[in-house]
**Q** 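I am attaching a structure below and will ask some questions about it afterwards.
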Number of protein chains: 2
Amino acid sequence: MIRDSRLSSVLHGLLHMIGAGEPVTSEQLAKAMATNPVVVRRVMAGLREQGIVRSEKGHGGGWTLARDTSTITLAEIYRALGAPTIVAMGHRSENPGCLVEQAVNDALGDTFREVEAIFMKRLGAVTLDTLARDFKRRLAKHRQTIEDQTHVAK
Amino acid sequence: MIRDSRLSSVLHGLLHMIGAGEPVTSEQLAKAMATNPVVVRRVMAGLREQGIVRSEKGHGGGWTLARDTSTITLAEIYRALGAPTIVAMGHRSENPGCLVEQAVNDALGDTFREVEAIFMKRLGAVTLDTLARDFKRRLAKHRQTIEDQTHVAK
DNA sequence: TATCATGTAACGTCATATGTTGCATGATTG
DNA sequence: CAATCATGCAACATATGACGTTACATGATA
């Protein structure tokens, strides 16, 4: 099964945009996201339509966040991507006439729906700001580690 | 995203096998599962390796359940299919060096794992027997409905 | 021995995420 | 105004994996 990495990818890009202070070009984002500028525009286009990011053409143009990071949840970003499939399994057919089909669909369908609901709830509970803070913590810890190693090296 | 319907499909086939009393051929299963005999063999092969079903060649051959239906969970069947992807999303790369990547992977990865654990727990709580009973209930209710309609028609 | 059924390889088909090229459009700079 | 930079977008290529199909081998039964 091919896994959709757009959500992971776009979050990576957005984190790079936070704190940049100036518009980030698709070219720069492409490097950070290890992909192609056109792919970046394609993915970001969805976020722009939802008012999550803005794009500017010409000199000094590029992508900027349109709102405060604390108001942007991962769920909203996920939906802006077109709400791709979460559960990679489904039914062969929607044949309500077959009782066997009904029994199977009920057993699996309930589970699929529950899992998707939990997923969305989790995404809705995390904002871009949360992610950014987490990143800063890691950065600080990383720097501390480097410093410690430097002291040891002395 | 292409949804994997093997689990749904194979459950459909297994329900048809229950109560058949005699081996069911791939040909017959293919009709019930709305697919091809070769596909049936391909999918059932995994279940056979796990000792869930048996296959017999020649006249009067076909597929039979190898164990009591109350000992077969949907989780086991799922694993016998090769444990296909549950969550249709993933990370672009596993680059532990990038701190941004780490922050994103942690936020999404935890959710992915939690969702998959819930999914497996749910599948583990349902046996083939449970499904079969559910089907019989539906069948009885269906017959009752038909009978009621017949009385009304009188 | 003929027939029936599975076992399996080797294809083809289709959907979708992703990669790539090319060109149009609009904004900025000189 | 012209050159440059950046996005916007169509069009096509590529890769992957589920699913479909054909062909032939193997083994069991009548």
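Lettering of chains follows the sequences in order, A, B, ..., and the numbering in each one begins at 1.
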**Q** Would you say B/S5 places a side-chain N or O within less than 4.0 Å of OP1 or OP2 belonging to D/dA18?
**A** no

**Q** Would you say A/R3 reaches C/dA17's phosphate, i.e. side-chain N/O to OP1/OP2 under 4.0 Å?
**A** no

**Q** Tell me, please, which residues at least two apart from B/T35 pass side chain to side chain donor-acceptor pair (under 3.5 Å).
**A**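 With neighbours one apart ignored, the set is empty.
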
**Q** Which part of the nucleic acid, if any, lies within contact of B/R42, taking any heavy atom under 4.0 Å across all strands shown: a base, the sugar-phosphate backbone alone, or nothing?
**A**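 It contacts base atoms.
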
**Q** Compile the donor-acceptor pairs under 3.5 Å between side chains in residues 36-46 of chain A and protein atoms, sequence neighbours left out, one pair per line.
**A**
from  : atom 1 : to    : atom 2 : distance (Å)
A/N36 : OD1    : A/V38 : N      : 2.9
A/R41 : NE     : A/S26 : OG     : 3.4

**Q** Tell me, please, which residues at least two apart from A/S55 pass side chain to side chain donor-acceptor pair (under 3.5 Å).
**A**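 Expected list: A/R48.
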
**Q** Evaluate the side-chain proximity of A/T127 to A/L74: yes if any heavy-atom separation is below 4.5 Å, no if none is.
**A** no

**Q** Using every non-hydrogen atom in the two residues, find where A/L99 and B/R138 come nearest and quote the distance to one decimal.
**A**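 Taking A/L99 first and B/R138 second, the nearest heavy atoms are O-CD, 4.0 Å.
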
**Q** Nearest-Å distance, CG (B/L29) to C1' (C/dT6)?
**A**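 The answer, rounded to whole Å, is 12 Å.
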
**Q** CG of B/N36 versus P of D/dA23: gap in Å, rounded?
**A**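 Answer to the nearest Å: 13 Å.
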
**Q** C/dA5, OP1 or OP2 - any side-chain N/O from B/T25 closer than 4.0 Å?
**A**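 For C/dA5, OP1/OP2 do not have a side-chain N/O of B/T25 under 4.0 Å.
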
**Q** What residue pairs, at least two apart or across chains, pass salt bridge (charged side-chain N to carboxylate O under 4.0 Å, His left out) with a residue in residues 73-88 of chain A?
**A**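 Counting only pairs at least two positions apart or across chains, the salt bridge (charged side-chain N to carboxylate O under 4.0 Å, His left out) contacts touching residues 73-88 of chain A are A/R67-A/E76.
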
**Q** Listed by chain and number, what are the side chain to side chain donor-acceptor pair (under 3.5 Å) partners of A/E114, not counting sequence neighbours?
**A**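 With sequence neighbours excluded, A/E114 shows a side chain to side chain donor-acceptor pair (under 3.5 Å) to B/R122, given in chain and number order.
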
**Q** Strictly below 4.0 Å: does B/R41 bring a side-chain N or O up to OP1 or OP2 of C/dT6?
**A**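 Affirmative; the distance criterion is met.
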
**Q** Indicate, with a heavy-atom threshold strictly under 4.0 Å, whether B/G62 touches base, sugar-phosphate, or nothing.
**A** sugar-phosphate

**Q** Counting only heavy atoms and a strict 4.0 angstrom limit, can you tell me which residues of residues 43-58 of chain B come near DNA chain D?
**A**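 Result for residues 43-58 of chain B: B/K57, B/G58, sorted by number.
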
**Q** Answer yes or no: does a side-chain N or O of B/T35 lie under 4.0 Å from OP1 or OP2 of D/dG20?
**A** yes

**Q** What integer distance in Å separates B/D4:CG from C/dA15:P?
**A**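 Rounding to the nearest Å, CG of B/D4 and P of C/dA15 are 17 Å apart.
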
**Q** Rounded to whole Å, please give me the gap between CH2 in A/W63 and C1' in D/dC5.
**A** 15 Å

**Q** Closest nucleotide of DNA chain C for B/E27 versus for A/V39: which of these residues is on the 5' side?
**A** B/E27

**Q** If you find the nucleotide of DNA chain C closest to A/R6 and the one closest to A/H59, which residue's nucleotide is nearer the 5' end?
**A** A/R6

